[in-house]
Amino acid sequence: MSSPMDFIPTRAAALARLEEFLPHAGRYAADRNFVRPGHPNISRLSPWVQKRLLLEEEVVDAARERWSFEAVEKFVQEVYWRTYWKGWLEQRPEAWSRWVEAVPRLRDALSAGQRSTLEAALAGRTGIAGFDDWARELVATGYLHNHARMWFASIWVFTLKLPWELGAAFFYEHLFDGDVASNTLSWRWVAGLQTPGKTYVARADNIAHYTDGRHVPQASQLASAAFPSTEPAIPKVAAWTEDPLWTNASEGRVGLWVHPEDLAVERGELSAEKFVAINASWPKPMAKKAGWSEAVANWTTAALHDGALRAGAHFGADVSAEASDDLAATLVAWARKHQLKRVVAYRPFVGPWLMEALAIESALAHAGISMVWRRRAWDTRLFPHATRGYFPFWEKVRSAG
Ligand SMILES: Cc1cc2nc3c(=O)[nH]c(=O)nc-3n(C[C@H](O)[C@H](O)[C@H](O)COP(=O)(O)OP(=O)(O)OC[C@H]3O[C@@H](n4cnc5c(N)ncnc54)[C@H](O)[C@@H]3O)c2cc1C
């Protein structure tokens with residue numbers, strides 16, 4: 001058996017962790033808010049689910065097969081939170097682009113005092129019990145419990161008075177499950193932007209209770225109230241759903257692009273297709289562009305490798321996987337070499353992989369090769385419901401059975 005915090009970047013490890021967690025899923029609702037060493041009371045599946053080494057649908061189905069719906073409703077609800085956040089961001093991509101633009105600008109604008117507060121926060125040297133431990137745990141393990149993420153973000157914003165955008169960047173740099181939608185929108189939620197007027201204020205007694213007394217900050221160390229944040233309204237766009245080109249996608253020589261936003265291509269929508277060649281190359285500039293630590297970049301590269309191996313075996317196709325300085329140019333050269341008419345891929349979600357994807361699409365188009373995007377039925381069905389808050393979304397999910 002693996003040790004509690006081993007996040008091995010393979011689908012086999014994800015399935016093993018799912019099996020290990022399932023007998024405990026019925027206790028999840030009662031125990032999930034407790035933050036305990038090794039995190040035995042939660043699934044710890046997010047690094048794998050975020051890369052789709054394991055599909056949301058697989059997690060939900062496994063929990064529901066093992067338990068009654070009532071017993072695992074809370075757990076299932078949490079799995080759908082990921083989909084909700086993703087669906088919301090697909091319809092308001094500016095929530096991400098504003099964050100990307102803000103991070104370097106806000107870093108440059110910090111006063112000397114704020115800069116030293118930031119340095120203390122990042123190094124776990126603020127003197128606030130709990131907060132300092134979580135800062136170090138995040139960097140050391142690539143993971144934090146949800147409740148610790150909420151407390152940490154709240155203290156960052158309301159006690160340390162640092163910009164939420166820089167806290168979100170710290171999380172995104174180090175989390176193995178780093179996800180543009182869940183991370184950016186959760187930080188916005190804590191800061192009071194996501195649900196206007198609703199902020200999250202961490203309380204010392206709540207931290208002490210849910211850490212079984214391991215972390216007991218002094219109440220006077222923490223801000224007792226939030227302050228409001230406002231922003232110009234974020235415009236709403238239609239979420240991308242399905243490419244009309246898809247109907248004829250299997251004609252001629254077709255290649256598959258595999259990327260770290262969907263690493264179980266042998267399961268589901270694309271699994272019965274025929275691909276003559278697969279490309280799972282790694283764009284070398286990506287880690288710096290996205291702001292990932294070396295550990296996150298290595299984890300993601302290894303996950304991509306695992307996805308590519310399984311895809312190659314499933315489709316019986318030749319797999320190219322090089323480290324590339326220019327992924328779009330690499331894909332064009334690969335498509336030409338294999339005389340491809342089309343390249344198919346799951347469309348990445350709003351975030352750095354979508355930027356990469358659009359550059360690839362444009363480079364292929366210049367070479368006379370079409371890019372065909374797919375989206376899993378799960379996303380196509382659910383994203384349009386993520387228009388308002390989570391609970392109307394969940395009602396739609398529930399009523400659909
Ligand atoms: C400030 C902040 C930042 C966050 N950043 C990220 C992030 O970058 N990536 C990320 O995957 N999650 C993020 N989350 C959500 C959540 O904390 C993690 O998904 C969860 O802690 C993962 O641990 P787990 O797999 O044990 O979850 P469990 O509690 O076992 O839940 C099961 C699954 O449900 C999903 N899930 C659970 N809670 C949430 C949630 N609140 N939002 C979205 N999905 C959820 C995950 O896929 C998770 O694997 C963030 C939350 C906060 C408050």
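First listed ligand is number 1; within each ligand, the first listed atom is number 1.
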Residues at least two apart in sequence or cross-chain that pass side-chain hydrogen bond (donor to acceptor under 3.5 Å, both in side chains) with Lys396, listed by chain then number, are none

Among all residues two or more places apart in sequence or in another chain, which pass the side chain to side chain contact (heavy atoms under 4.5 Å, CB included) test with Ala121? Thr126, Phe131, Trp156, Leu160, Leu162

Report yes if the distance between the aromatic ring centroids of Trp394 and Phe391 is under 6.0 Å, otherwise no. no

Would Arg149 pass as a cation-pi partner of Tyr143, given that its NZ or CZ must be under 6.0 Å from the six-membered ring centre and within 45 degrees of the axis? yes

Applying side-chain hydrogen bond (donor to acceptor under 3.5 Å, both in side chains) as the test, list every pair that has at least one member in residues 294-309; sequence neighbours left out. Asp306-Arg310

Which parts of the protein, at residue level, reach under 4.0 Å of ligand 1 through a heavy atom? Tyr28, Ile42, Ser43, Arg44, Leu45, Ser46, Phe75, Glu78, Val79, Trp81, Arg82, Trp85, Tyr143, Leu144, Asn146, Arg149, Met150, Phe171, Leu175, Asp177, Gly178, Asp179, Ser182, Asn183, Ser186, Trp187

Axial cation check for Trp88 ring with Arg92, 6.0 Å and 45° limits: yes

